[in-house]
Each structure stands twice: as structure tokens, then as C-alpha cells.
Amino acid sequence: MNCALIFAGGTGKRMNTNGIPKQFLELYGKPIIIYTLEKFENHDSIDAIVISCLADYIPKMWKLCRKFHITKVAAIVAGGSTGQESIYNGLVKVDELFGDDAIVLVHDGVRPLVDPDTITKCIRSVEECGSAITVTPANETIFLGNQGGQVGEILDRSQCEVAKAPQCFHAGDLLSAHEKARKENRIDFIDSANLMRWYGHTLYTVQGRTENIKITTPVDFYIFKAIITAKESSNAFGL
């Protein structure tokens with residue numbers, strides 16, 4: 001069983017959307033989260049989808065799924081006050097429905113440009129190694145910050161990678177790590193990779209594509225629009 005866990009509990013404060021959560025912003029009449037869901041809906045190896053979203057938007061989310069024919073959604077649960085809590089809430093439902101051995105692909109609701117090949121490679125990596133963290137090469141200089149605004153240690157860019165999503169594990173392994181974090185009142189893990197590494201799991205990487213961006217700011221939205229527009233134009237003219 002391969003289940004996509006799409007977490008979309010954010011309110012989009014950095015998007016200046018006048019109260020509309022960023023995942024519900026529309027491009028060409030379709031919300032961002034639907035673009036994301038379609039990538040998993042249309043993938044032959046994805047058996048089910050669980051969505052963790054803002055509680056007040058659950059009825060709207062079901063309505064959008066029906067409108068855009070997203071048929072693999074098994075449940076929509078209320079998200080939490082942080083991404084970590086939203087993932088946990090969704091993960092509890094995944095484990096309840098499909099068990100510890102299910103492969104869960106944790107993915108941002110506002111990361112709509114993930115490609116099918118990356119999803120396939122992630123599933124294969126969990127089957128073979130127990131985990132899959134989507135990454136892309138670092139393409140700019142990275143250094144550690146220092147006090148007083150000084151540049152700290154400059155890292156070798158060729159040795160650095162940027163963690164993206166999906167981030168994938170067996171549901172039981174990820175849920176166990178979340179339970180440990182909750183017992184320790186740790187709510188500061190930035191993503192599933194950070195959490196799983198902290199609790200001793202070995203993480204394996206899957207190379208993704210650079211266009212698999214997370215839409216956090218208005219600039220990200222315009223980049224997304226440009227990519228979608230270019231793809232639509234290519235399809236229209238058979239390029």
C-alpha cells in the first residue's frame with residue numbers, strides 16, 4: 001500500500017493573500033493544492049491519499065476533490081498549529097487505515113510540480129532501503145552564519161544538497177518517531193527528515209528536479225505560473 005500524505009495546514013502569511021490560505025490560491029481556475037493532488041491521483045503506484053488541512057476548510061477540500069475528480073482521497077483530517085502536528089494528524093489516519101507497513105509519501109500541499117519519476121523512485125527507495133528523501137543539488141554558495149554578521153565556515157557546495165519532498169517512510173516507523181517527539185514535547189522539527197534523523201534512522205536520498213519548488217512567497221507563485229504556462233504552450237503547439 002502506497003499512500004500520499006498531503007499536509008496543507010498553513011495559512012500563507014508570507015503570500016499576502018488577504019486571508020486565503022496559499023494552498024487554495026487559484027491558477028487558471030484550479031487551486032494550487034489540486035495541481036499537487038493530481039500528481040498523486042494520476043500516478044499508477046499511489047493507492048490512496050490522506051489530506052491534512054485547516055479544519056475550517058475540510059468541507060471545501062472535499063468539494064474540490066469531487067469537482068476535479070480526485071478519487072483516491074481516503075480521508076481528510078484537521079491539521080495542526082505546525083507542519084509537524086499536521087503531518088502527525090494525517091499520519092495517525094494513514095496508520096489507522098493502512099497499517100504500519102504502508103509506505104507513506106509526505107508531501108507539501110503547496111509543492112505542485114513534483115514529477116512522476118520522482119514519486120516512483122521514492123517508493124522504490126522505501127521498498128529497498130526504508131526511507132526516501134527527495135533532494136536537489138545546492139546551486140549557490142552556502143556558509144554557516146556567525147555572530148556580528150560575519151561569514152562563518154563556507155561549505156563545499158558539491159557536497160551539499162537541498163531537502164525537498166516527498167519524504168517517505170513506512171508509516172509505523174514515522175509514527176513511532178512522531179510519538180517520541182510528542183512525549184518529549186519536541187515541536188521544532190522542520191521536516192520529517194530532520195525528525196527521523198534525530199531519532200536514529202538512516203536516510204536515503206532520491207534525486208529530484210529543481211522545478212519541484214514549494215510555493216511560499218508571491219515570487220514562488222509567479223515562477224509556478226511561468227512553468228505551467230510554458231508547459232501548456234508546449235502541449236498546445238506539440239513541442
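All of these numbers come straight from a predicted model, not from anything done at the bench.
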Participant: Going by the angle between their ring planes, with limits at 30° and 60°, are F24 and Y57 parallel, tilted or perpendicular?
Facilitator: parallel
Participant: Looking only at atom types and distance, does a side-chain atom of S86 sit under 3.5 Å from a main-chain N or O of T82, one as donor and one as acceptor?
Facilitator: yes
Participant: In sequence, state the C-alpha distance, the side-chain angles, and the governing distance for Y35 and I228, and then conclude on side chain to side chain contact (heavy atoms under 4.5 Å, CB included).
Facilitator: CA-CA 10 Å; Y35 282 94; I228 292 296; 4.2 Å; yes
Participant: Run through I119, I49, L5, I6 and flag the one making a side chain to side chain contact (heavy atoms under 4.5 Å, CB included) with L105.
Facilitator: I119
Participant: Walk me through it: do Y204 and E128 pass the test side-chain hydrogen bond (donor to acceptor under 3.5 Å, both in side chains)?
Facilitator: CA-CA 10 Å; Y204 292 86; E128 296 175 355; over 6 Å; no
Participant: Checking Q84 side chain against F189 main chain: does a donor-acceptor pair fall under 3.5 Å?
Facilitator: yes
Participant: Would you say T136's side chain and G208's backbone share a donor-acceptor pair under 3.5 angstrom?
Facilitator: no
Participant: Which heavy atom in G29 sits nearest to a heavy atom in P31, and how many Å separate them?
Facilitator: O-CD, 4.2 Å
Participant: Please check: side-chain N/O of D115 versus main-chain N/O of T118, any donor-acceptor pairing under 3.5 Å?
Facilitator: yes
Participant: Quick one: are F68 and E41 in side-chain contact, heavy atoms under 4.5 Å?
Facilitator: no
Participant: Could you grab the distance from atom NE2 of H107 to atom SG of C122, nearest 0.5 Å is fine?
Facilitator: 9.5 Å
Participant: Any non-hydrogen side-chain atom of K63 less than 4.5 Å from a side-chain atom of K67?
Facilitator: no
Participant: Does I187, at its CD1 atom, have more than 12 non-hydrogen atoms belonging to other residues, nucleotides or ligands within less than 6.0 Å?
Facilitator: no
Participant: State, yes or no, whether a side-chain contact exists between W198 and R186 at a heavy-atom distance under 4.5 Å.
Facilitator: yes
Participant: Hey, what do you get for CD1 (I227) to NZ (K225), rounding to the nearest 0.5 Å?
Facilitator: 13.5 Å
Participant: Should V50 and I70 be regarded as members of a common hydrophobic cluster, given that ILVMFWY residues are connected when their side-chain heavy atoms come within less than 4.5 Å of each other, either directly or indirectly?
Facilitator: no
Participant: Check whether I103 and V114 end up in the same hydrophobic cluster, where Ile, Leu, Val, Met, Phe, Trp and Tyr are linked by side-chain heavy atoms less than 4.5 Å apart.
Facilitator: yes
Participant: Is there a donor-acceptor contact under 3.5 Å from the side chain of Q167 to the main chain of A193?
Facilitator: yes
Participant: Within a radius of less than 6.0 Å around CD of E184, do more than 12 heavy atoms belonging to other residues, nucleotides or ligands occur?
Facilitator: yes
Participant: Can you sort out the partners of D101 under side-chain contact (heavy atoms from CB on, under 4.5 Å), two or more places apart, ordered by chain and number?
Facilitator: none
Participant: Can you tell if the side chain of I123 reaches within under 4.5 Å of the side chain of I46, non-hydrogen atoms only?
Facilitator: yes
Participant: A side-chain contact here means heavy atoms from C-beta on lying under 4.5 Å apart; do F221 and I32 qualify?
Facilitator: yes
Participant: Hey, any chance L54 and V106 share a hydrophobic cluster, counting ILVMFWY side chains that come within less than 4.5 Å of each other, even indirectly?
Facilitator: no
Participant: Can a salt bridge be assigned to the pair K93 and D95 using a cut-off of 4.0 Å between side-chain N and carboxylate O?
Facilitator: no
Participant: Do you reckon L91 sits in the same ILVMFWY cluster as F169, going by side-chain contacts under 4.5 Å, direct or chained?
Facilitator: yes
Participant: Checking V135 against V162 for the side chain to side chain contact (heavy atoms under 4.5 Å, CB included) test, could you report, in this order, the C-alpha distance in whole Å, the side-chain angles of both residues, the deciding distance, and whether it holds?
Facilitator: CA-CA 5 Å; V135 299; V162 179; over 6 Å; no
Participant: Walk me through it: do Q159 and L155 pass the test side chain to side chain contact (heavy atoms under 4.5 Å, CB included)?
Facilitator: CA-CA 8 Å; Q159 300 297 311; L155 304 180; over 6 Å; no
Participant: Heavy atoms only: give me the nearest V94-A171 pair and the separation to one decimal.
Facilitator: CG1-CB, 4.2 Å
Participant: Taking atom CG as the centre, does D156 end up with more than 12 heavy-atom neighbours from other residues, nucleotides or ligands that are less than 6.0 angstrom away?
Facilitator: yes
Participant: When you compare the side chain of K72 with that of L37, does any pair of heavy atoms fall below 4.5 Å?
Facilitator: no
Participant: Measure from the side-chain N and O atoms of S125 to the backbone N and O of S131, and report whether any donor-acceptor pair falls under 3.5 Å.
Facilitator: yes
Participant: Set out, in order, the CA-CA distance, both residues' side-chain angles and the distance that settles side-chain hydrogen bond (donor to acceptor under 3.5 Å, both in side chains) for H43 and T120, then state yes or no.
Facilitator: CA-CA 8 Å; H43 196 288; T120 299; 2.8 Å; yes
Participant: Do you reckon I87 sits in the same ILVMFWY cluster as V110, going by side-chain contacts under 4.5 Å, direct or chained?
Facilitator: no
Participant: Show your working on side-chain hydrogen bond (donor to acceptor under 3.5 Å, both in side chains) between D220 and T217 and close with a plain yes or no.
Facilitator: CA-CA 5 Å; D220 300 325; T217 68; 3.1 Å; yes
Participant: Can you tell which of I51, T71, I33 makes a side chain to side chain contact (heavy atoms under 4.5 Å, CB included) with C65?
Facilitator: I51
Participant: For the backbone of K39 and the side chain of N42, can you confirm whether one donor and one acceptor N or O come within less than 3.5 Å of each other?
Facilitator: no
Participant: Taking all atoms of both residues into account, what is the closest heavy-atom pair of A74 and F98, and its distance?
Facilitator: CB-CZ, 4.0 Å
Participant: Any side-chain to backbone donor/acceptor pair from R111 onto N212? Under 3.5 Å, distance only.
Facilitator: yes
Participant: Spell out, as yes or no, whether a donor-acceptor pair under 3.5 Å connects the side chain of D47 to the backbone of N2.
Facilitator: yes
Participant: Nearest 0.5 Å please: distance from the CZ atom of R209 over to the NZ atom of K164.
Facilitator: 12.0 Å
Participant: Can you tell me how far CG of D108 sits from OG1 of T36, rounded to the nearest 0.5 angstrom?
Facilitator: 8.5 Å
Participant: Any chance CD1 of I190 has more than 12 other-residue heavy atoms, nucleotides or ligands included, within less than 6.0 Å?
Facilitator: no
Participant: Is there side-chain contact between F7 and V77, with heavy atoms separated by less than 4.5 Å?
Facilitator: no
Participant: Can you check whether I215 reaches P112 side chain to side chain, under 4.5 Å on heavy atoms?
Facilitator: yes
Participant: I'd like to know whether T229 forms a side-chain hydrogen bond (donor to acceptor under 3.5 Å, both in side chains) with Y28, so could you lay out the CA-CA distance, the side-chain angles of the two residues, the decisive distance to 0.1 Å, and finally the verdict.
Facilitator: CA-CA 9 Å; T229 301; Y28 301 133; 2.6 Å; yes
Participant: Whether the side chain of K121 engages the backbone of V206 through a donor-acceptor N/O pair (distance < 3.5 Å, no angle test) should be reported.
Facilitator: no
Participant: Calculate, to the nearest 0.5 Å, the distance between atoms OG and CE belonging to S176 and M196 respectively.
Facilitator: 8.0 Å
